[in-house]
There are 2 protein chains.
Amino acid sequence: MFLGRFSHNLDAKGRLAIPAKFRGALADGLVVTRGIDRCLSVYPLAAWQTLAERVSALSISDPDARQFRRIVFAEAADEALDSQGRIVVGAELRRYAALDREAVVVGMNTYIEIWNPERWERLTATVEDEGTGIAQRLADLI
Amino acid sequence: MFLGRFSHNLDAKGRLAIPAKFRGALADGLVVTRGIDRCLSVYPLAAWQTLAERVSALSISDPDARQFRRIVFAEAADEALDSQGRIVVGAELRRYAALDREAVVVGMNTYIEIWNPERWERLTATVEDEGTGIAQRLADLI
DNA sequence: ACCGATCCCCCCACTTATCCCCACTTCCAC
DNA sequence: GTGGAAGTGGGGATAAGTGGGGGGATCGGT
């Protein structure tokens, strides 16, 4: 269960420390890939595999499905935590998410998101202002 | 599990280095053949055998199925990694995929695709900013 | 049948990138 | 205040990617 928000630094080699609380659930391996709204998503290996099976099961004859499959798998990276509990974020994923030195690591219950700090700030500021509106919309879901 | 995208070079002899991460799954042998959309597909031997059975089982009376069968089987080559982890891409397969010196090697979960760099670029450039759309579709599968 | 040429495979060498380990600093807990 | 764990940073060893050269088998020609 991933909860909470943390500010960590990427070093010169593109390494990012994962909060100690999150490391247990990622000990068996993890997959980093593109997320929604230009962030990165980190999945525990087991969660990723069920996801990957569904993507692989999509039709071969549908061009859209082929395209989709290529993006999903080509930009994903399966990794493991190093001995200091870090992951390596490749150059292409850093570019996609506009990650330079600082990064925001957010627990999203079943997975983790990694954000450019300004983007995260802008997004949450918007939510706080319109917060009541969003809350009203989503209250129905509970 | 094949994940990630890698840029490698073919040398003068038509040899192509397979990313080190992929080699384990190909140690028992592999098959290179023509893929859909003018790329090449590389399958581990075991995966190839199940694929070959399914393709063989396609209807004989369906013209599309016959054509597909020809594409897949006619130029297929069963190979093994050499001692440096490379495969040899025959002249006819290179021509089909427009491979000269540079090549993009893409993990597709259960198999590998090999692309001409410009073709790959053209295919994925369109998706870059609707990458969020892709990610949303991915999220729906969770 | 023998010789020669060609093709293919294996081995070697160099450059570059990746991984692993170690050390320092900071923050929190006791 | 002290001890320990977490975050941060750098350096060295090792493997990966790339290119070229040599030896052996095969095929064709004489």
Side-chain angles (χ1 to χ4, degrees), chain A residues 2-32 40 42 45 75-95 99-107 112 114-117 120, chain B residues 2-32 40 42 75-95 99-107 112-117 120:
Chain A
F2 303 110
L3 293 177
R5 177 179 53 83
F6 304 84
S7 294
H8 286 171
N9 293 337
L10 288 110
D11 64 21
K13 300 178 182 178
R15 295 178 297 189
L16 177 67
I18 298 296
K21 281 187 170 185
F22 294 174
R23 290 177 193 170
L26 299 175
D28 295 333
L30 60 97
V31 173
V32 189
L40 302 183
V42 179
L45 193 56
E75 303 303 331
D78 70 319
E79 300 191 34
L81 297 172
D82 71 7
S83 54
Q84 273 74 40
R86 293 175 290 193
I87 60 172
V88 179
V89 182
E92 184 56 29
L93 287 172
R94 286 206 303 275
R95 192 193 56 77
L99 294 176
D100 186 21
R101 197 185 133 81
E102 297 175 59
V104 177
V105 180
V106 188
I112 297 171
I114 301 171
W115 286 84
N116 170 304
W120 174 260
Chain B
F2 302 111
L3 292 179
R5 176 172 50 83
F6 304 85
S7 294
H8 285 171
N9 293 336
L10 287 110
D11 64 20
K13 302 176 183 178
R15 295 178 298 188
L16 178 66
I18 298 297
K21 281 188 171 185
F22 294 175
R23 291 177 193 169
L26 299 174
D28 296 332
L30 60 98
V31 174
V32 188
L40 302 183
V42 179
E75 296 299 331
D78 68 319
E79 299 191 35
L81 296 172
D82 72 6
S83 54
Q84 273 75 44
R86 293 176 288 195
I87 61 173
V88 178
V89 182
E92 181 56 28
L93 287 173
R94 285 206 302 275
R95 192 196 56 76
L99 294 176
D100 185 22
R101 197 186 133 80
E102 297 176 57
V104 176
V105 181
V106 186
I112 298 171
E113 285 185 353
I114 301 172
W115 286 83
N116 170 303
W120 175 260

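Below, read A as the first sequence line, B as the second, and so on, with proteins coming before strands; counting in each chain starts at 1. Quick caveat: nothing in here was measured; it's all calculated off a predicted structure.
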Separation of atom [atom1] in [X] from atom [atom2] in [N], rounded to whole Å:
X	N	atom1	atom2	answer
B/Leu81	C/dC10	CG	C1'	14 Å
A/His8	D/dT8	NE2	C1'	10 Å
B/Arg86	C/dC8	CZ	C1'	13 Å
A/Glu79	C/dT18	CD	P	11 Å
A/Gln84	D/dA5	CD	C1'	13 Å
B/Arg101	D/dT18	CZ	P	8 Å
A/Ile87	C/dC20	CD1	C1'	17 Å
A/Asp11	D/dA6	CG	P	19 Å

Quiz item: Heavy-atom count around A/Asn9 CG within 6.0 Å, excluding the residue itself: above 12?
Solution: yes
Quiz item: Does B/Asp11 CG have over 12 foreign heavy atoms under 6.0 Å away?
Solution: yes
Quiz item: Looking across every strand, which nucleic acid part, if any, lies under 4.0 Å from A/Leu16 by heavy atom: base, sugar-phosphate, or nothing?
Solution: nothing
Exercise. Could you check if a side-chain atom of B/Ser7 sits within less than 4.5 angstrom of a side-chain atom of B/Glu102, using non-hydrogen atoms only?
Key: no
Quiz item: So do A/Leu30 and A/Asp78 actually touch side chain to side chain, heavy atoms under 4.5 Å?
Solution: no
Quiz item: If you take atom types as modelled and just measure distance, does the side chain of A/Arg15 reach the base of D/dG7 with a donor-acceptor pair under 3.5 Å?
Solution: no
Is the side chain of [X] donor-acceptor paired with the backbone N or O of [Y] at a distance under 3.5 Å, no angle test?
X	Y	answer
A/Arg5	A/Val104	no
B/Asp82	B/Gln84	yes
B/Glu79	B/Val88	yes

Self-check item: Presence of B/Arg23 side-chain N/O under 4.0 Å of D/dG17 phosphate oxygens OP1/OP2
Solution: yes
Practice problem: Take B/Ala20 and A/Ser7, find for each the nucleotide of DNA chain D with the closest heavy atom, and name the residue whose nucleotide sits nearer the 5' end. | Solution: A/Ser7
Practice problem: Could you run through nucleotides 24-30 of chain C and give me one letter per nucleotide, 5' to 3': B if any protein heavy atom sits under 4.0 Å from the base, S if only the sugar-phosphate is that close, - if neither? | Solution: -------
Self-check item: Given D/dG19, C/dC11, D/dG7, the nucleotide with the shortest approach to the side chain of A/Pro19
Solution: D/dG7
Self-check item: Nucleotide nearest B/Lys13 (side chain, heavy atoms from C-beta), chosen from C/dC10, C/dC21, D/dA16
Solution: C/dC10
